[in-house]
Amino acid sequence: MLRDALSYAKEQGVRTCVGFEPAAIPEEIMRALPASAKRTIRSVVGDRGEDDVLDTSTEVAKEILRARLDDLLASYPLVDAIWLWQNEDAAWTTQHAGADTLPFDASYLKAAHDYVKQRAPGVQVVVSGWGAVHDLLDGLHAELPHDMPFSALNHNLGTSETDEVYGRLEGRSRWPIPWLEDDATLWEPQFHVERFRNDIERAHHFGADGMIGIHWRTRVIDHVASYFARALWEPGLKTSDFYRWYGEQLVGAEHGDAFAAQIEAIDRSHAWPGYLDEAHVNSPEWSHGHSNEALIAFKPLRTAPEVMDQFGGYADFLRDLAAKVPVEAAERLRYHGAQAEFARHYVSSQRAGIVIDRLVAAAASERRVLGEVEFKEVCRELERIYEAVRKGVEAFYAELSTTADLGVLASLSLKYVQRAMWQRCDAVRQVASDPDAVPLPDLASRQPV
């Protein structure tokens, strides 16, 4: 199926690529390798401790590399580029003292380059990776042929700007990869045009000859993707000018300026924890917060109360404007409004969760039940979090329009609803003198589906 898709892309004039992580191989193969083909690293990812990994300096590793390249070229003969990625774990292990990363050395990458040049001269080999690979690009640039483009995701899931290392890669194609949305806040609306204006300006300044936007969802980031597509060909495109154009296209000249002013304001004040704030992203409080897919799905963060007011006011504006514009524009406004309305209630649930967790943790640490005053406060906050979660999810599903939205809804149901409501209810019952007196979540729908 992928081969057919790549063939279709070629027919349309699109250049295609397929990539893999050369130092990462399946556990089954690792176990079958001789000890001389492995080395041990200290890993902090997943609390695994020590791991055996492929020693890329060995003949076995080079044989595996050639076999993978042969298989890729045979499976996808029309591919234009092969991307060799630094293993994703490296982006996180480098943030911890005493940890090693999977190897990504120049000699191994050079071996891949030379082999592909021999087997398929028209195919490029691209050096790429997650944010941590930026720290290696200076050294790799000095050792690798200049016909190998360098590309990497921006650091920290979208909070970091285009890295200045791209300005030191003279004579080489370099393609920064900014995030069209924050990877760890995928339940929330995304307003990043101002951030992208800065990323694109830096990329131009550093001599990049291409950029690539990464994203998971679709319609919810259409305004960011639209700016990205235009600004790459219109250097210096201002956020305000873009939103005036976007507003006029969406709601017409009569309401375009008012809409542009509102969406630009929310874009510039978009204040989720970690938004262009690497210090916050690297703090324990932010780690695994929001919609982290594999670990803690709802860890309430201290989002400023004005964020709730900002998104709430924006949602109200969009709802009112939807009643004044043609039906096609009204549907899109309601869609954007539903995302903002969810954010309003999400922040409310965060704030209730913080109070509940604090009181429960105090009682548990002291091995006692909640006092009468504490119990009343916890029950009040439980009712508040139940209401916020219900209203937030109802607002979100009221305007579903894409399969990506259905994926987010499934995540909300399995993670947000479960962890924000039921997990806290169960935690309170553990420290309540009368567990049956703890209010239960009310999941009855308040809106027609």
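Just so it is clear, the values below take in all heavy atoms, side chains as well, and ignore hydrogens, waters and symmetry mates.
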Could you grab the distance from atom CG of Leu250 to atom CD of Glu328, nearest 0.5 Å is fine? 10.5 Å
Do any pairs count as a side-chain hydrogen bond (donor to acceptor under 3.5 Å, both in side chains) and have a residue in residues 116-127, sequence neighbours left out, and if so which ones? Arg15-Gln124, Asp70-Arg119, Lys117-Asp147
Rounded to the nearest 0.5 Å, what separates atom OG in Ser151 from atom CD1 in Ile212? 4.5 Å
Between Tyr108 and Ala61, is there a donor-acceptor pair closer than 3.5 Å when you use the side chain of the first and the backbone of the second? yes
Donor + acceptor pair across side chains of Arg3, Ser75 (<3.5 Å): no
For Leu186 and Val408, what are the C-alpha separation, side-chain angles and deciding distance, and is it a side chain to side chain contact (heavy atoms under 4.5 Å, CB included)? CA-CA 8 Å; Leu186 292 179; Val408 174; 5.8 Å; no
Is it the case that the side chain of Ser160 and the backbone of His155 share a donor-acceptor pair, with hydrogens and angles ignored and the cut-off at 3.5 Å? yes
Could you point out which residue of Phe20, Trp130, Phe104 forms a ring pair (Phe, Tyr, Trp, His ring centres under 6.0 Å) with Trp85? Trp130
How far apart are the C-alpha atoms of Phe311 and Val347, what are their side-chain angles, what is the distance that settles it, and do they pass the side chain to side chain contact (heavy atoms under 4.5 Å, CB included) test? CA-CA 10 Å; Phe311 279 95; Val347 175; over 6 Å; no
Under the 3.5 angstrom rule, does the side chain of Asp267 hit a backbone N or O of Val193 as a donor-acceptor pair? yes
Glu341-His345 side chain donor-acceptor pair, cut-off 3.5 Å: yes
Parallel, tilted or perpendicular: rings of Tyr166 and His134 (30°, 60°): perpendicular
Between Glu201 and Arg195, does the salt bridge (Lys or Arg N to Asp or Glu O under 4.0 Å) criterion hold? Intermediate values first, please. CA-CA 10 Å; Glu201 285 187 5; Arg195 189 183 79 194; over 6 Å; no
Testing the 3.5 Å rule here: is there a donor-acceptor pair between the side chains of Asp222 and Tyr246? yes
Given the rule in the side chain to side chain contact (heavy atoms under 4.5 Å, CB included) test, do Asp55 and Val60 qualify, once you have shown the distances and angles that lead to the verdict? CA-CA 9 Å; Asp55 184 344; Val60 169; over 6 Å; no
If you count every heavy atom of other residues, nucleotides or ligands that lies below 6.0 Å from Lys10 atom NZ, does the total exceed 12? yes
Give a yes or no answer on whether the side chain of Gln190 reaches the backbone of Glu188 with a donor-acceptor pair at less than 3.5 Å. yes
Would you mind checking if Glu248 and Arg244 are paired as a salt bridge, meaning a charged N to carboxylate O distance below 4.0 Å? no
Can you sort out the partners of Lys62 under salt bridge (charged side-chain N to carboxylate O under 4.0 Å, His left out), two or more places apart, ordered by chain and number? none
Main-chain N/O of His141 paired to Arg172 side chain as donor or acceptor, under 3.5 Å: yes
So, Tyr227 versus His192, ring centres under 6.0 angstrom or not? no
Please examine the side chains of Phe298 and Ile385, heavy atoms only from C-beta on, and report whether any two atoms are closer than 4.5 Å. yes
Under the side chain to side chain donor-acceptor pair (under 3.5 Å) rule, collect the residues that match up with Arg217, sequence neighbours excluded. Glu181
Would one find more than 12 heavy atoms of other residues, nucleotides or ligands at under 6.0 Å from atom CD of Glu59? yes
Using salt bridge (Lys or Arg N to Asp or Glu O under 4.0 Å), reason through Arg197 and Asp241 one step at a time and then give a plain yes or no. CA-CA 11 Å; Arg197 182 197 59 75; Asp241 292 341; over 6 Å; no
In terms of heavy-atom contacts, does NE2 of His146 have more than 12 from other residues, nucleotides or ligands at under 6.0 Å? yes
Assess whether a salt bridge exists between Lys38 and Glu27, defined as any Lys/Arg side-chain N lying under 4.0 Å from an Asp/Glu carboxylate O. no
Taking atom types as modelled, is there a side-chain donor on Glu194 or Thr239 under 3.5 Å from an acceptor on the other? yes
Hey, what's the ring geometry for Phe228 with Phe196, parallel, tilted or perpendicular (30° and 60° as the breaks)? perpendicular
Donor-acceptor pair, distance only, cut-off 3.5 Å: does the side chain of Gln339 make one with the backbone of Pro189? no
Start with the C-alpha gap between Leu180 and Ile214, add the side-chain angles, then the distance that decides, and say whether side chain to side chain contact (heavy atoms under 4.5 Å, CB included) holds. CA-CA 6 Å; Leu180 287 167; Ile214 183 173; over 6 Å; no
Check for me whether the distance between the ring centres of Tyr416 and Tyr346 falls short of 6.0 Å. yes
Whether Trp179 side chain and Asn154 backbone form a donor-acceptor pair below 3.5 Å: yes
Determine yes or no for a side-chain-to-main-chain donor-acceptor pair under 3.5 angstrom, with Arg268 supplying the side chain and Ile263 the backbone. no
Could you check whether any side-chain heavy atom of Asp199 comes within less than 4.5 Å of a side-chain heavy atom of His204, counting everything from C-beta outward? no
Between Ser349 (side chain only) and Ala388 (backbone N and O only), is there a donor and an acceptor less than 3.5 Å apart? no
Please confirm whether Arg174 makes a cation-pi placement over Phe206, using NZ or CZ under 6.0 Å from the six-membered ring centre and within 45° of the ring normal. no
May I ask you to check whether over 12 heavy atoms, not counting those of Trp83, lie within 6.0 Å of atom CH2? yes
For the residue pair Arg230 and Trp245, would you count it as a cation-pi contact if the rule is NZ or CZ under 6.0 angstrom from the ring centre and within 45 degrees of the ring axis? yes
Within a 6.0 Å radius of atom CD on Glu306, are there more than 12 heavy atoms belonging to other residues, nucleotides or ligands? yes
Tell me if the centroids of the rings in Tyr314 and His336 come within less than 6.0 Å of each other. no
In a check of side-chain contact (heavy atoms from CB on, under 4.5 Å) between Pro176 and each of Glu161, Arg202, Met211, which one passes? Met211
Salt bridge or not between Asp138 and Arg168? Use side-chain N to carboxylate O under 4.0 Å. yes
Interatomic distance, Asp209 atom CG to Leu169 atom CG [nearest 0.5 angstrom]: 10.5 Å
Is there a donor-acceptor contact under 3.5 Å linking the side chains of Asp405 and Tyr335? yes
